[in-house]
Enquirer: 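Okay, here's the structure, questions in a sec.
The model shown is predicted, which means the values in this text are computed figures rather than measured ones.
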Amino acid sequence: MTAPASLVDRHVGFVHALREAGLPVSPAEGLDAAHALMVIDLAERETLREAYAATLVKRPAHRPGFDLLFDLWFPPVTGPAASVDVPDDAALPELRERLAELLMGDPADPAFREFARAMVGRFGQVQAAPGRQSWFSFPVLRALSPETLVARMLAAMLDERGGLPENVARRHISRTIEAFTEAVASDVRRRIAEESGVEKIARSTVRPPIDRVDFLRATKEELARLRREVYPLARRLATRLSIRQKRGRRGRLDFRRTVRASLSTGGVPLTTHLRPPRPHRPELVVLCDASDSVSTFSHFTLLLTFALREQFTKVRAFAFVDTVDEITDLFAPGADVLDAIGRLTDEADIVRFGRTDYGHVFERFAERFPDAVGPRTSLLILGDARSNYQVPALGTLKRLAGQARHAYWLNPEPRAQWDTGDSLATAYGSVVPMHECRNVAQLAAFVETLA
């Protein structure tokens, strides 16, 4: 049995779009998905969705992007919406009344999405530029204003206001309004894809998975989600580090136990016994650029650093802009780490003129904190290596790196931007190995190697 050529083309395009959006889909997994299509009813759209999801999606965080792309490549309908039980010439009050009825019901009702498609067809097309029209969600939601219908719906759903019944009703209404908003947005994307091409709309609307969102380009909503990623990430990394220590280097030969065991085999040491290895828990010193240009990146690396502090004997943190100050006390056990980061720029002495000066920072750090870096220390520098054309103080950095057990530099800028403008990435990278660290995935991969 072979699939139609058009379905093969759509499958290949869909898998390519998933990779473009940052979902890790291997060629073998693409083939697994193609085989799955041979054993399902292709007319059942939700079965098709779950077959693709089962073979291509690895993490829950990847599912929203997958669903959005699936809806673009395999839309539930094409062309204009079918007729609904509201006349085409119905006045706006009638439409709002019908919307209130649907919002009190089940969003899974086919009439719910059909009404959303009809409203996009009626209100969603506006002039985007002279001589050109396009589709938008905003005019639909502005015309129908579902949030202003809440009081009317509560009055219809409840005999008496207040208490638990009202809370339950409000939560239901909130969920259905959110579902209607998404249904409108989904149909807008579908219509734009039909007119402009699915590849174009996919590139412009699908955000990468949260672990691959660029620290320096994250939206406000993504920032909140990234913060929630930090502590689960720290727990996963701590577990992996513990396993790595248990499976790592074996201890020295325990001669006495080995000789004692050999007595049962005539003095032949068939079984050797080893002493338990001594766990190595290094110290960690973090030098963190707190300037505005990399503030988001520094916040997340500090959050993760202090979430992982049980892996290290001692953690000391220093923030800098054009001078440096220790901020370890802000992150004392029991402190709110987000609150500590918010206090950092107000309470730490890290600014003289407000322009990043790595050279002056390294010299002041070596002068003020000569005992911070030692033979058990892992030195971690966080910043974009942009020093506003100031003297780099490479000799001081080389001396600090030489005093440390290990030294690392994490740079949140794409490697292609290193050495452009006032960047000293290559110069500093020749002294301290520099790693690109633009997102949570790269940060997680690095921290696994750190300890």
Side-chain angles (χ1 to χ4, degrees), residues 1-79 81-82 106-110 112-114 116-117 179 182-183 185-214 222 225 229 232-233 236 239-240 243 439-442 444-445 448:
M1 177 180 177
T2 59
S6 59
L7 179 58
V8 171
D9 293 340
R10 188 158 291 264
H11 167 80
V12 171
F14 177 52
V15 171
H16 176 72
L18 291 173
R19 294 194 187 110
E20 287 272 303
L23 275 70
V25 179
S26 68
E29 289 163 342
L31 289 174
D32 289 342
H35 290 147
L37 301 187
M38 302 298 185
V39 296
I40 65 171
D41 183 355
L42 297 177
E44 293 291 335
R45 182 169 175 268
E46 290 308 310
T47 302
L48 178 64
R49 182 196 299 270
E50 296 309 318
Y52 269 122
T55 51
L56 302 180
V57 179
K58 299 180 179 66
R59 294 185 55 196
H62 297 165
R63 186 61 192 253
F66 165 85
D67 283 330
L68 197 155
L69 285 170
F70 180 87
D71 288 338
L72 287 174
W73 285 87
F74 302 95
V77 295
T78 58
D106 184 358
D109 184 348
F112 188 91
R113 287 191 169 273
E114 193 58 51
R117 289 194 288 269
E182 174 53 33
S186 177
D187 196 60
V188 166
R189 290 192 293 267
R190 175 187 68 84
R191 292 171 186 267
I192 295 175
E194 289 181 357
E195 294 181 358
S196 305
V198 65
E199 296 87 354
K200 181 178 179 180
I201 187 63
R203 285 193 297 268
S204 63
T205 61
V206 180
R207 296 288 292 175
I210 193 63
D211 62 339
R212 297 181 185 275
V213 170
D214 195 319
E222 287 167 340
R225 293 176 60 198
E229 284 281 308
L233 172 63
R236 291 200 303 272
T239 300
R240 292 175 187 174
I243 293 173
N439 53 48
V440 167
Q442 290 181 335
E448 285 196 34

Enquirer: Sequence neighbours excluded, which residues qualify as side chain to side chain donor-acceptor pair (under 3.5 Å) partners of D106?
Expert: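 Here no residue qualifies.
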Enquirer: When rounded to the nearest 0.5 angstrom, what is the spacing between CG in D71 and CD in E182?
Expert: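 CD of E182 is found 7.5 Å from CG of D71.
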Enquirer: Heavy atoms only: give me the nearest R45-F70 pair and the separation to one decimal.
Expert: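 What the structure gives for the nearest pair is O-CZ, 3.7 Å.
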Enquirer: Should R49 and F74 be marked as a side-chain contact (heavy atoms from CB on, under 4.5 Å) after you check the CA-CA gap, both sets of side-chain angles, and the distance that decides it?
Expert: CA-CA 9 Å; R49 182 196 299 270; F74 302 95; over 6 Å; no
Enquirer: Given 3.5 Å as the limit, does a donor-acceptor pair link the side chain of R63 with the main chain of V57, or not?
Expert: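 Looks like no, no N/O pair under 3.5 Å.
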Enquirer: Would you call R113-D187 a salt bridge at under 4.0 Å N-O?
Expert: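 So R113 does not pair with D187 through a salt bridge.
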Enquirer: What residues, two or more places apart in sequence or in another chain, satisfy side chain to side chain donor-acceptor pair (under 3.5 Å) together with T47?
Expert: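 Per chain and number, T47 pairs via side chain to side chain donor-acceptor pair (under 3.5 Å) with no residue.
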Enquirer: State, to 0.1 Å, how close L72 and R10 come at their nearest heavy-atom pair, and which atoms those are.
Expert: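 Heavy atoms only, the tightest pair is O-NH1, 4.5 Å.
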Enquirer: Give the minimum heavy-atom separation between L69 and A21, together with the two atoms involved.
Expert: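 What the structure gives for the nearest pair is CD1-CB, 3.9 Å.
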Enquirer: Given 3.5 Å as the limit, does a donor-acceptor pair link the side chain of R212 with the main chain of A441, or not?
Expert: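 Side chain of R212 to backbone of A441, a donor-acceptor pair under 3.5 Å: no, none is there.
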Enquirer: From E50 CD over to E44 CD, what is the distance, rounded to the nearest 0.5 angstrom?
Expert: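 Answer rounded to 0.5 Å: 12.5 Å.
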Enquirer: For K58 and H62, which heavy atoms make the closest approach, and how far apart are they?
Expert: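 For K58 versus H62, the nearest heavy atoms are N-ND1, 4.3 Å.
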Enquirer: Distance-only criterion, 3.5 Å: show the donor-acceptor pairs between side-chain atoms of residues 30-42 and protein atoms not counting sequence neighbours.
Expert:
from, atom 1, to, atom 2, distance (Å)
H35, ND1, L31, O, 3.3
D41, OD1, A43, N, 3.0

Enquirer: Nearest 0.5 Å, what's the CZ-OG distance between R117 and S186?
Expert: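 R117 atom CZ to S186 atom OG measures 8.5 Å (nearest 0.5 Å).
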Enquirer: Over all heavy atoms of both residues, which pair between A17 and W73 is shortest? Give the atoms and the distance, please.
Expert: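 Taking A17 first and W73 second, the nearest heavy atoms are CB-NE1, 3.5 Å.
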